[in-house]
Amino acid sequence: MELLKANVITLVEAALEAIGGDGKLVKSVLQPAREADQGDLTLPCFPFAKALRKSPLSIAEELCATMEPHESIGEIHAVNGYLNIRVNPVWLAKHLLSVGVDNGMEKPKRSVLIEHTSANPNGPFHVGRARNAILGDTLVRLHRLWGNEVMAEYYVDDMGKQVAVLAWALNALSREEVEALLEGRDPPNPLWATKPDHQHVRWYQAAQLLRKESEQSTEIEKAIGALVHASENGDEAVLKSFEAAYQPVLDGMLTTLGRLGITYDRFTKESVFVTNGDVASLMEELGTLPISKHAENGAQFLDLGERGLKGKTEFFYRRGDGSSLYATRDIAYHRWKWTQSNELINVLGEDHKLQAQQVGLTLEELGERRPEVMFYSFIKLPEGKMSTRRGNVVFMDDLLEEAKAQAAAVVNERRPDYDEETVATIAEAVGTSAVRFNIVNVSPEKGFTFRWEDALSFEAGSAPFVMYSHTRACSILRNVQQHLGTNQQAPEYTINTTMPDGLVQLLRTLALHDDCLEKVIREHRPHLFAEYILQLSNAYNGFYRDCHVIEGGEVNGFYFAVSELARQTLNRGMEALGIEPLETM
RNA sequence: GGGCGUGUAGCACAGCUGGAUAAUGCACCGGCCUCCUAAGCCGGAGAUCGCGGGUUCGAAUCCUGCCGCGCCCGCCA
């Protein structure tokens, strides 16, 4: 609890000095207590034992006796060599109700460019791709909650082989040919008959089949190769035809993402850096670097082994035919990004680790900084890796439909009096929130296996659990407003000196909000904030159990103020996690 | 073969800038709706923290060796 630490650290330092210790050590040793019943802060006294020639137990006891009192300190105890400090709930309540959950840390306003999703626009969004978008969007929202200015950017790969395949197929194959080729596969879900991503992907899949298995595969490969080559040389007609091919697909993907509340501030096309000459001049500049070398056929690479890269150290940035590679364009893109913002964060799959390192090292070689990267592991199905080709994918559109249907069943069961429209609204919010939460809730670097029963769990530890706590707080607000009638003035209150356990726990949890958010922003680990919001909901439920805001026809002003602070904090936190804060459910 | 990551209760997952009794959810056992929404609350049971060594007053956490799993090691994107 940074708030308490800031208030008591000088007292602890003074106490340690008074018994002959080095006060400067306190700063690094004084830490949040591990268990809530130990207190809020703890000072393990073991590190001081040697210098003071005393046992940690007696040091803790001496410190306990020496410490000056402070209004922020509720209790202080020496236990087993630890000095445990518990916050004074009255002081904490006063602080929280006057300045809010702000813990007093400095928050210099930063401007951050976060690039995420950036999926190839060649087919519908599937759950495997979703981790990037959900983590990225959550990171964007968390930064905004912290007060940073954020640009959320989608880098559109509009000139690679994948787009070329799509463009070629849409041009060369008729609907009948496509359907004939795909016969025997799962037919497309009729629900998405008008969604272009689900439609156009059929052409892409048919083309992939032809490339692999047909007799004309070499000619097809040649045709596609020519398109790729033309696009890399900035051929405007080809780039236009690419755009015509991918844009409807991208739009379809964005519709799906929009349903999850994921939006972007800007789309930047890869081809821009080819057509505007940035890539060409970049390659010139790279060629002047001392670590740049030539291959036999004229291709060029940097030898990054000299910069500490292990394993394969040659990083090719120019092909033998003089054209650029994806990574080259990525470097040009990053140079441009540095002109847009002074802080860059990329959300990338673990398969991009090597390339991110190559790009990062190259940027440093050019005198730029390397961007920060949040890596995540892939989502797989219980049956194994997700693959469009083998047909074991879960499309996000299907998942969201299923989530909504299951949520609707729960609502119908629990609230039989709700009308159809209300049920639909709640079900949509619960479904999408549950899906998002299921994914942000686990640490990104951990492998993730998608399971329907987990994604659609509506119990404790899920988004609906959080949503439910929030609706309770909303319900209290409504009841209080009704109680106050036309006089909407919030009731006066004094802070009780004795507080039920649930209330104290809620106050302590609220006090941790900024500590957690600060860490999450610093380390790019959104799941920690998800865990915090779960804790906060749990704490609110405890408060709800112990403290009746309206009792005997009277509104308890103090309880109401705490309930409102919790409601607002929950609400903002939910927004930051992409959980829809419903008022009733 | 090399690099990076990961391994914690039946399942899932937190903790990993070293600190006390390893947190949480699911599943399991028991209790709570004349009282602000029971999608909730309270209690119980369940863990050789992958295995072996080392550093330390103290190791799930740091170092090291082994084992399992994932990803990467294209003049692809």
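As the structure is a prediction and not an experimental result, all values here were calculated from the model. Each chain gets a letter, A, B and so on, in the order the sequences are listed, and its residues count up from 1.
The listed nucleotides are B:C36, B:C57, B:A20; the one nearest the side chain of A:Y82 is B:A20. Closest to the A:N120 side chain, of the nucleotides B:A77, B:G74, B:C71, is B:A77. For A:Q355, taking side-chain heavy atoms from C-beta onward, the closest of the listed nucleotides B:C75, B:A77, B:C36 is B:A77. In the set B:C75, B:G19, B:C57, the nucleotide with an atom closest to the side chain of A:K50 is B:C57.
Of all the heavy atoms in A:R307 and A:L361, the pair that sits closest is O-CD2, 3.8 Å. Closest of all the heavy-atom pairs between A:M574 and A:E580 is CE-O, 3.9 Å. Contact detail for A:F242 and A:D158: the closest heavy-atom pair is CD2-O, 3.4 Å. In this structure, A:L577 and A:A530 approach most closely via the heavy-atom pair CD1-CA, 3.8 Å.
Looking at A:N297, its side chain comes within 3.5 Å of the base of B:C75 through a donor and an acceptor atom. A donor and an acceptor atom never sit less than 3.5 Å apart when one is taken from the side chain of A:E270 and the other from the base of B:A77.
In this entry the distance linking NZ of A:K312 with C1' of B:G74 reads 7 Å, nearest Å. When rounded to the nearest whole Å, the span between CZ of A:F301 and C1' of B:C75 equals 11 Å. The interatomic distance linking A:E35 (CD) with B:A20 (C1') rounds to 9 Å, in whole Å. Between A:N80 atom CG and B:U21 atom P there is a gap of 8 Å when expressed in whole angstrom units. What separates CG of A:N84 from P of B:G19 is a distance of 15 Å, to the nearest Å. Here the P atom of nucleotide B:G70 and the CG atom of A:D351 are 15 Å apart, to the nearest Å. As a whole-Å value, the separation of A:L25 CG from B:G19 P is 17 Å. Computed from coordinates, the A:L43 CG to B:A20 C1' distance equals 14 Å when rounded to whole Å.
With 3.5 Å as the limit, one finds no donor-acceptor pair spanning the side chains of A:E531 and A:Q535. For A:H352 and A:N346, the side-chain atoms include no donor-acceptor pair closer than 3.5 Å. Donor-acceptor pairing under 3.5 Å is recorded for the side chains of A:H229 and A:N233.
As rounded to the nearest Å, B:U56 and B:C71 have P atoms that lie 40 Å from one another. B:C62 and B:C4 have their P atoms separated by 15 Å, given to the nearest Å. Rounded to a whole angstrom, the distance from the P atom of B:G74 to that of B:A14 is 32 Å. Nucleotides B:G58 and B:G15 have their P atoms positioned 26 Å apart, rounded to a whole Å. Look at the C1' atom in both B:A38 and B:C32: the space between them is 9 Å, to the nearest Å. Taking the C1' atoms as reference points, B:A23 lies 30 Å from B:C66, given to the whole Å. Nucleotides B:U64 and B:A45 place their P atoms 40 Å apart, quoted to the nearest Å. The gap from the C1' atom of B:A60 to that of B:A9 amounts to 14 Å, rounded to the nearest Å.
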Atom pairs under 3.5 Å, N or O on each side, protein against nucleotides 39-41 of chain B: can you list them with distances?
from	atom 1	to	atom 2	distance (Å)
B:A39	OP1	A:R415	NH2	3.2
B:A39	OP1	A:Y468	OH	3.2
B:A39	OP2	A:R414	NH1	2.8
B:A39	O4'	A:R414	NH1	3.0
B:G40	OP1	A:A460	N	3.0
B:G40	O3'	A:N541	ND2	3.1
B:G40	O2'	A:R472	NH1	2.8
B:G40	O2'	A:R472	NH2	3.0
B:C41	OP1	A:N538	OD1	3.1
B:C41	OP1	A:N541	ND2	3.3
B:C41	O3'	A:R545	NH1	2.9

N/O to N/O distances under 3.5 Å, protein versus nucleotides 14-18 of chain B:
from	atom 1	to	atom 2	distance (Å)
B:A14	OP1	A:S443	N	2.7
B:A14	OP1	A:S443	OG	2.3
B:A14	OP2	A:K446	NZ	2.6
B:A14	O2'	A:E531	OE1	3.1
B:A14	O2'	A:E531	OE2	2.9
B:G15	OP1	A:H527	NE2	3.2

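Using cut-offs of 30° and 60° on the angle between ring planes, the pair A:Y155 and A:F273 is tilted. Note: A:F46 and A:Y82 have perpendicular aromatic rings, judged against thresholds of 30 and 60 degrees for the angle between ring planes. By the 30° and 60° cut-offs, the orientation of the rings of A:Y540 relative to A:Y544 is tilted.
Within 6.0 Å of CZ in A:R522 there are more than 12 heavy atoms belonging to other residues, nucleotides or ligands. At most 12 heavy atoms of other shown residues, nucleotides or ligands fall within 6.0 angstrom of atom NZ in A:K310.
Along RNA chain B, the nucleotide closest to A:D454 and the one closest to A:E583 are compared, and the more 5′ of them pairs with A:D454. In terms of position along RNA chain B, the nucleotide closest to A:G311 lies nearer the 5' end than the nucleotide closest to the other residue of the pair A:G311 and A:L83.
Residue A:I550 is classed as a base contact, given a heavy-atom separation below 4.0 Å to a base. Across all strands, A:V228 comes closer than 4.0 Å to no nucleic acid atom at all (heavy-atom distances).
B:C67: glycosidic angle beyond 90° from 0, hence anti.
In this model, the phosphate group of B:C76 is approached by a side-chain N or O of A:R319 to a distance below 4.0 Å at OP1 or OP2.
Under 4.0 Å is where a charged nitrogen must lie from a carboxylate oxygen, and between A:K293 and A:E314 no such pair does. Ion pairing between a basic and an acidic side chain is recognised when a charged N comes within 4.0 Å of a carboxylate O; A:E583 and A:R567 show no such pairing.
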What dot-bracket string describes RNA chain B from 5' to 3', counting Watson-Crick and G-U wobble pairs whose defining distances are under 3.5 Å, with [ ] for crossing pairs and | for pairs to another strand?
-> (((((((..(((......[....))).(((((.......))))).....(((((..]....))))))))))))....
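With centres under 5.5 Å and a plane angle under 30° as the test, the ring of A:F46 is not stacked against the base of B:G58.
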